[in-house]
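Below is one structure, written out as structure tokens, with a few remarks after it.
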Amino acid sequence: MRIFGLSGSGMDIDKIVGDLMKVERERRVSKLERKRQIDLWRSEMYQSINKDIANFIVDARKEFGLAKLTDTGTLLSGSMDSFTWVKSASSSDETKVDAKATAKALNGSYNLNITQLAKNVSKTSTDSISVEGKTSKDTLDEQFAGISSGKILSFKIRTNVTENDPENYPNGYKEFSFDTSVNTLEDVIDEINNSNIGIQAAYDSDIDRFFLNTTETGEENYFNISNADLDGIDPADIITPDKFFADALKLDVNIDEDYGGKDAKFDFGDATGLTKSSNTFSINGINITAKNTGQTTITVGTDVDSVYEKITDFVDKYNELISGINEKLGEEVHRDYQPLTDEEKESLTEDQVKKWEDMAKSGLIKNDRILSTMLMSVRKGLYKSVSGLSDSMNHLTQIGIETGEYSSKGKLEVDETKLKKAILNNPNGVIDLLFNSPDDYIDDEDKYNKSGLITRMFDTMTEDMKEIIDKAGPGEDSDLLRDVKSSILIDFVAGKNLKNGSISMLDENILDLEREILTQEKVLLRIENRYYSKYGAMEQALGQMYQQSSWLSSQLGSLM
């Protein structure tokens, strides 16, 4: 505790020291805090732009069909061959067949005759199966007549799954065993369904029937029920599968007999007697869903409007992205607006603080090298011809897309008439020009030259995103960035281009500044103590001087 003013000097030492320390803090700490805040803002700006680029790529891939989101949230890659928006397909009889065309389907009309639908194996109880008043929640010997208590129900099932997976099913079958005095029909059903061997069991209490079927259609999907191998157990203690499935469950099944599904059978034009294991299949680039037997005609044509809409929507979103980046690159710098200290913020309203900080943030990445280089590389890639295509269409301007005036800063403009004509005359050429993804290439340069323009754009952006990550880190968007490319963070985590792995360049600067701020805070504390020590000594000296003066005055007074 410091107490001043007892000397009678009349000086406000706390205010004097406080004013001196403000000068010291501004000189030693505040300037460092402003630098740290600027780096934090820059980091946030880079991360925000990277997020925008990532969303642009991921959303475009989903929209085009280059990627799809599964029910579990996993993003799976696709190819241009699976595009369903390039060609349209119609069935003359939709009660027989639904049809969708992929990009590889050839325009024309095709006769399709479904002679047999694919089916799974389905076995159902021929009559009620339960003892009156009993349900699947009762034990097996309670629910079913003729099953004695304390027996072992055991059987094995072979399916195409068990047969083709010797690692999990070394003997080609899955074995099941139950105690009839303890286990219930629900236990049997759960065991079968959870075994993942391609068959499914169910019980309907309303009609008292048991159901057993394969989960997939087709002749290759089958099941075979047989006796289990129970060495050392008295046969009198065993409930055999024929007694359980045929007698108790009243299914029309024989032990050791294969029960297989049916394949779909059809004629496609002159190709007769074709088969598929499912009623949903692809032929000649057309995705077919067979619903009934009979004949229909499938007509395939180019969906010009759909392709045009996909491309122009992509162009709009691309223009929006680069417009936002260009806006940041061209922002005016306001050097008179520096980050506010906490003390400065206290004297302003919330709105005033926001307006000030908006001005302070403006121009922090003006003419940024990484972003400027990325835009230039993307623009260059769009105007470089695609090599290795079988078609003569190899340049963006051939489909009516080009950049506008210089002031548009790389925005693309679409000539509707020219683009629609290109789509109508050569849809596959347009798709190859934009989306070709070469498998056969010599090196990275050869791959770049052979890549379609949009494929090339995404690859270029992805590589530049890595440099932004090195500069500012991934922020809170690691999962999104991995959706762009699963390995995008590997170099960053490994610190391939950095002083320290997983610490971005800006974060490294921020950490250095924070360490220096901590050091300077300690220096300020020492300076403050020194000031107080000096002013304390001054007050003490003044106090002694006042005492001496008072003593002299009293002595002089006594002499008079």
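Computed from a predicted structure; not experimentally measured.
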Tell me which pairs pass side chain to side chain donor-acceptor pair (under 3.5 Å) where either residue lies in residues 423-440, with sequence neighbours left out.
D391-N426

Contacts of V414 meeting side-chain contact (heavy atoms from CB on, under 4.5 Å) (sequence neighbours excluded), chain-then-number -> Y308, T312, V315, I401, L419

Would you call D479 and R482 a salt bridge, using N to O less than 4.0 angstrom?
yes

Hey, does the side chain of T84 reach the backbone of T102 with a donor-acceptor pair shorter than 3.5 angstrom?
no

Partner residues of D208 under the salt bridge (Lys or Arg N to Asp or Glu O under 4.0 Å) criterion, sequence neighbours left out:
none

Determine whether a donor-acceptor pair (N or O, by modelled atom type, separation under 3.5 Å) exists between the side chain of R209 and the backbone of I129.
no

Under a 4.0 Å threshold between the charged nitrogen and the carboxylate oxygen, would D470 count as salt-bridged to K496?
no

Which donor-acceptor pairs under 3.5 Å do side chains of residues 180-188 form with protein atoms, sequence neighbours excluded?
unit_1 : atom_1 : unit_2 : atom_2 : d
T180   : OG1    : S148   : O      : 3.3
T180   : OG1    : K151   : N      : 3.1
T180   : OG1    : K151   : O      : 3.2
S181   : OG     : D179   : OD1    : 2.8
N183   : OD1    : D179   : N      : 2.8
N183   : ND2    : D187   : OD2    : 3.3
T184   : OG1    : S136   : O      : 3.4
T184   : OG1    : E186   : N      : 3.3
T184   : OG1    : D187   : N      : 3.2
T184   : OG1    : D187   : OD2    : 3.4
E186   : OE2    : K137   : NZ     : 3.2
D187   : OD2    : T184   : N      : 2.9

Presence of salt bridge, K466 and E463, under 4.0 angstrom
yes

Salt bridge check, D305 against K420: does any charged N sit closer than 4.0 Å to a carboxylate O?
yes

Less than 4.0 Å between a side-chain N and a carboxylate O, is that true for D446 and K450?
yes

side-chain hydrogen bond (donor to acceptor under 3.5 Å, both in side chains) partners of K291, counting only residues at least two apart:
D98

Is it the case that S122 and N120 place a side-chain donor and acceptor less than 3.5 Å from each other?
no

Centroid-centroid under 6.0 Å between Y203 and F211 rings:
no

Sequence neighbours excluded, the answer for salt bridge (Lys or Arg N to Asp or Glu O under 4.0 Å) partners of D258 is R158

Run the ring-centre check on F155 versus F245 and record whether the distance is less than 6.0 Å.
yes

